[in-house]
Amino acid sequence: MSDFGERLKRLRKDKDITQGQLAEVIGVVPSAIGKYERLETSYPSIDALIKLADYFNVSIDYLLRGVNTVPAVENNISGQLSNSPFIQANHGGVIFNGDSNSALSPEAVELLHIYETLGGRDRLRLLNYAIELEGGTK
């Protein structure tokens, strides 16, 4: 079994769905999923790969190579707040730039929590929307 096949099978099992159910989601025949999971040289089309990544909320890099590539800014916001040089956890609160006078508002903290629950494309959509709002183009 290829690494891709192992990752696909693990993701499918974790989501507790059958090969047939997954095939329906991405628009292939059920035997194709089995082939992807078993054969090292079998990969889905680009379109199906995108659908798989979206469905499982993982990157295509993760599916193909087992690597999550996350830009530094997104990494700072997405669940690694305590390791961020910009944002530090402090007694249950969040402090921006190490300055206790610039603590994030409860609304900002809630937005961070929402962001953490989103998959890759939805995170980018939220970020782009925020940038549009900030620029006043919406």
Are the side chains of Y36 and Y43 in touch, meaning some heavy atoms are under 4.5 Å apart? no
Under 4.5 Å between any side-chain heavy atoms of D3 and L64, yes or no? no
L111 reachable from L118 in the ILVMFWY side-chain graph, under 4.5 Å edges: no
F4 versus L63, closest heavy-atom pair with distance: CD1-O, 3.1 Å
Can you see which heavy atom on A53 is nearest to which on S59, and at what distance? CB-C, 4.2 Å
Would the distance check show the side chain of [X] and the main-chain N or O of [Y] forming a donor-acceptor pair, the cut-off being under 3.5 Å?
X	Y	answer
S42	L39	no
R7	Y62	yes
E37	G34	no
R10	G5	no

Identified side chain to side chain contact (heavy atoms under 4.5 Å, CB included) partner of L22 from the options L52, L11, V28: L52
For the pair I60 and I46, evaluate side-chain contact (heavy atoms from CB on, under 4.5 Å) and give the outcome as yes or no after the intermediate values. CA-CA 10 Å; I60 291 174; I46 293 172; over 6 Å; no
Keeping to residues at least two apart or across chains, list the salt bridge (charged side-chain N to carboxylate O under 4.0 Å, His left out) pairs with something in residues 45-56. D47-K51, D54-R121
Once salt bridge (charged side-chain N to carboxylate O under 4.0 Å, His left out) is applied, what residue pairs with a partner in residues 13-31 remain, sequence neighbours excluded? none
Nearest 0.5 Å, please: how far is CG in L126 from CD1 in I114? 8.0 Å
To the nearest 0.5 angstrom, please state how far the CD atom of E132 sits from the CG atom of L127. 10.5 Å
